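What's counted below: heavy atoms across the whole structure, side chains too, no hydrogens, waters or symmetry copies. Computed from a predicted structure; not experimentally measured.
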Amino acid sequence: MDKFKKFTVLFALFIVPLLFYILLQLGTHNFGKLPVVSKSVIDISLINKGFSFDKRVTVVTFLGNDIDLVKGEVYNLKEKIYTKFNNYVSFQMISLVDKSQKEEIEDLKKMLSVNTDLSRWDFIFASSEEMEALHESFKTPNPLDKNTHSPKAYIVDKELNLRRGKSTIKSLENQDLFGYTMSSVAELKNDMIDDISVVLVEYKMALKKNNRSEDRRTNSISNEKK
């Protein structure tokens, strides 16, 4: 076998697998993170101590003081987002609602709960001032409307950051975006599903990395005892 053939065989057997391994490692350690668009948002625990943003990846909505006007938006969110992620332990949805809408929310929950477990979707009653304060901490260019409602759904991560990726929709791709339009099935399906998935994978990878580090530390301590 001449030198060229020997080199080709060696390259196929050793170099190609090595290059493939290196590419995998680069993909793992340089995983593209979803952009942070606002930092240090107010934690929901300041409105209701029974809840917090620091435990899970949270989809936040502001339903305001007229539930009848937002039923279509909420239904879209349930069908395209909630049913996709409600089995993930690291996921939750929180909707802010005016205190005047308690009866309407019970009716809404009955509608949403048909064939769906709503245990990861909480409706928190708040004053208009509390909703305004939380929304202002998101630092979006668009305030809540006269019904203290926003047409957008927002992603808040465990570090209290607002997250949003670039849109895959041509008319939105060059805009600075903060949330996802609930009335737009395309935006929920094409943008929000992918963005939530990215954040969940970020935390999964971070958890695996931390577990590996903890295992190495434990093994080191164990070896020292020997």
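- Taking the six-membered ring where the residue is Trp, Tyr154 and Phe62 present perpendicular rings, their angle passing 60° and hence far from 30°.
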### Query
Would Ile81 and Ile193 satisfy side-chain contact (heavy atoms from CB on, under 4.5 Å), going step by step from the backbone distance to the final call?
CA-CA 7 Å; Ile81 302 301; Ile193 287 177; 3.7 Å; yes
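- Rounding to the nearest 0.5 Å places NZ of Lys99 at 5.5 Å from CD of Glu130.
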### Task
Applying side-chain contact (heavy atoms from CB on, under 4.5 Å), run through Phe53 and Ile94 and close with a yes or a no.
CA-CA 9 Å; Phe53 291 151; Ile94 289 179; 4.0 Å; yes
### Task
Walk me through it: do Ile44 and Leu96 pass the test side-chain contact (heavy atoms from CB on, under 4.5 Å)?
CA-CA 10 Å; Ile44 191 65; Leu96 280 295; 3.9 Å; yes
Show me the donor-acceptor pairs, under 3.5 Å and distance only, between side chains in residues 171-178 and residues at least two apart or in other chains.
unit_1, atom_1, unit_2, atom_2, d
Gln175, NE2, Ser171, O, 3.1

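- No donor-acceptor pair closer than 3.5 Å links the side chain of Asp191 to the backbone N or O of Ser167.
- Aromatic ring orientation, Phe138 versus His135: tilted (interplanar angle from 30° to 60°).
- More than 12 heavy atoms of other residues, nucleotides or ligands shown are found within 6.0 angstrom of NZ on Lys158.
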### Task
Please assess Leu77 against Met93 for the test side-chain contact (heavy atoms from CB on, under 4.5 Å), listing each intermediate value before the final yes or no.
CA-CA 10 Å; Leu77 201 64; Met93 281 179 50; 3.3 Å; yes
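- Within a 6.0 Å radius of NZ in Lys39, other residues, nucleotides and ligands contribute 12 heavy atoms or fewer.
- A distance of 6.0 Å or more separates the ring centres of Tyr203 and Tyr88.
- For the atom pair CG (Asn65) and OG (Ser100), the distance works out to 5.5 Å, reported to the nearest 0.5 Å.
- Residue pairs meeting the salt bridge (charged side-chain N to carboxylate O under 4.0 Å, His left out) criterion with at least one member in residues 55-71, sequence neighbours excluded, are Asp68-Lys71.
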